[in-house]
Amino acid sequence: EFVKAYAPATVANVCCGFDVLGFALDQPGDEVWARKSETHGITISDIKGIENLSFDPKENVIGVVAQKMLDTLGLSTGIELQLHKGMPVGSGLGSSAASSAAAAFAVNQVLGSPFTVQELVTYAMEGERKASGSAHADNVAPSLLGGFVLVRDYEPLDVVPLGVPLELYCTILYPQIELKTSLSRSILKQEIPLKKGIRQWGNLAGLMAGLLKKDYDLIGRSLHDEIFEPERSVLIPLFKQVKAAAIKAGALGGGISGSGPSIFALSASMQQAQAVKEAMEAIYAGSGIETKTYVSQV
Ligand code: HSE
């Protein structure tokens with residue numbers, strides 16, 4: 001029978017941790033079902049929860065991840081996959097990463113767990129390569145490992161799981177506009193002025209210290225990104241107002257989720273995160289832009 005794996009949405013970038021820090025939510029998430037089959041190679045027999053995703057295993061990230069795992073092991077086992085999408089694509093919620101992570105986990109189970117979960121990160125990254133052209137780990141690593149994860153380096157890959165040292169809740173507002181990661185990346189300046197660099201690594205160190213010392217105030221003071229957020233946020237209608245409203249409603253801080261267009265805010269309690277949700281939604285009310293909101297424990 002099928003092995004079922006669930007992998008959650010992730011927020012990566014976390015403000016000053018641009019491209020190096022991400023965290024996992026509880027939900028939403030994707031499920032991948034996998035089982036051995038008589039048919040040679042990888043087949044995708046069902047996709048639920050979304051339209052227009054390819055059933056071609058060379059085109060769909062779940063097939064790409066599974067194939068890479070088989071190739072590494074030198075196996076030609078037949079594997080049947082099904083994908084149950086629980087979140088929109090192109091939203092900044094790490095949607096392709098969740099599918100890739102769930103596929104890596106499920107296929108590993110079917111094969112008798114030849115890989116550790118940490119090792120699965122490199123296979124799930126192949127799904128990201130397929131989806132976005134770059135094999136980044138800041139979404140797949142937290143989706144597989146949970147909690148906050150630092151991607152310290154890529155050469156060689158050095159993934160540092162930090163867990164969730166303290167209670168945190170995340171509110172995410174997804175404005176349903178199209179914003180491609182490629183556009184969101186192409187507008188970034190390639191050079192960082194020294195002054196801004198210094199503030200950014202001060203904040204990132206502050207955020208790390210705040211997490212590990214369980215210091216909410218320090219986390220709040222550190223949740224900034226003065227380099228990329230100002231460049232990117234012009235692509236997200238009402239971004240400044242939504243972020244300001246979230247902080248006014250009691251959030252510790254927030255920013256762009258992934259490459260957008262979703263906006264996230266972190267809070268110290270569920271009650272706070274709910275109040276933040278209402279404040280964020282109120283800004284978009286009457287704007288003519290449809291939104292979806294999520295509140296989840298980190
Ligand atoms: N960290 C990447 C970016 C997105 O901000 O472009 C990861 O999906």
Side-chain angles (χ1 to χ4, degrees), residues 7-25 28-30 61 64-65 85 87-104 121-145 148-154 157-160 162 170 172-175 177-192 196-197 200-201 203-204 207 223-236 239 243 253-266 294:
T10 44
V11 172
N13 316 310
V14 191
C15 303
C16 46
F18 188 86
D19 270 359
V20 300
L21 183 66
F23 64 80
L25 306 173
D30 290 351
V61 296
V64 171
V65 170
K85 286 293 299 176
M87 70 185 90
V89 301
S91 52
L93 293 167
S95 181
S96 57
S99 296
S100 301
V121 172
T122 52
Y123 296 96
M125 283 166 68
E126 292 304 315
E128 295 291 65
R129 191 192 305 283
K130 178 71 201 171
S132 74
S134 96
H136 57 275
D138 50 341
N139 291 105
V140 290
S143 191
L144 273 163
L145 303 169
F148 281 81
V149 179
L150 172 70
V151 183
R152 195 200 58 83
D153 203 359
Y154 280 89
L157 186 67
D158 187 359
V159 163
V160 185
L162 304 165
C170 185
I172 294 188
L173 181 138
Y174 166 43
I177 57 164
E178 191 183 60
L179 176 52
K180 291 219 161 74
T181 300
S182 49
L183 172 66
S184 208
R185 281 198 92 84
S186 68
I187 59 158
L188 300 177
K189 294 196 190 85
Q190 293 302 307
E191 260 142 53
I192 297 170
K196 286 193 180 180
Q200 192 89 336
W201 58 70
N203 278 323
L204 181 55
L207 178 56
L223 278 173
H224 299 290
D225 166 11
E226 292 172 17
I227 298 174
F228 308 103
E229 185 178 292
E231 292 172 22
R232 261 191 183 171
S233 56
V234 296
L235 302 172
I236 304 171
F239 173 82
K243 186 178 162 183
I256 303 170
S257 181
S259 56
S262 289
I263 304 165
F264 81 96
L266 284 171
Y294 303 89

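Note that ligands are numbered from 1 as they come in the structure, with each ligand's atoms numbered from 1 the same way.
Separating the CG atom in L266 from the SG atom in C15 is a distance of 7.5 Å, to the nearest 0.5 Å. In this structure, I227 CD1 and L188 CG are separated by 10.5 Å, a value rounded to the nearest 0.5 Å.
Residue contact annotation: E128 has no non-hydrogen atom under 4.0 Å from ligand 1. Within the 4.0 Å heavy-atom cutoff, S184 does not count among the residues contacting ligand 1.
Of the protein's heavy atoms, R185 NH1, 3.0 Å lies nearest to atom 3 (C) of ligand 1.
There is no side-chain donor-acceptor pair under 3.5 Å between S100 and K130. In this model, no donor atom of one side chain and acceptor atom of the other lie less than 3.5 Å apart for E128 and S134. Using a 3.5 Å distance cut-off with no hydrogens or angles, the side chains of S184 and S259 do not pair a donor with an acceptor.
Numbered from 1 in the order shown, with element, the atoms of ligand 1 that lie under 4.0 Å from a heavy atom of G258 read 5 (O). Near D19, with a cut-off below 4.0 Å to any heavy atom, the atoms of ligand 1 are 1 (N), 2 (C), 3 (C). Residue D138 has at least one heavy-atom neighbour below 4.0 Å for each of these atoms of ligand 1: 1 (N). Close approach of ligand 1 to N139 (heavy-atom distance below 4.0 Å) involves ligand atoms 7 (C), 8 (O). Proximity to N13 (heavy-atom distance under 4.0 Å) selects the following atoms of ligand 1: 1 (N), 2 (C), 3 (C), 5 (O).
Distances from atom 4 (C) of ligand 1 to the heavy atoms of S95, A12, A137 show the closest one on A12.
Using a 4.5 Å cut-off on side-chain heavy atoms (C-beta onward), V20 and L150 make contact.
S143 contributes no side-chain N or O that, together with a main-chain N or O of N139, makes up a donor-acceptor pair within less than 3.5 Å.
Of the heavy atoms in H136, only side-chain atoms (C-beta onward) come closer than 4.0 Å to ligand 1. Of all the heavy atoms of F18, the ones lying under 4.0 Å from any atom of ligand 1 belong exclusively to the side chain.
Taking the six-membered ring where tryptophan is involved, the planes of F23 and F148 are tilted, since the angle between them lies from 30° to 60°.
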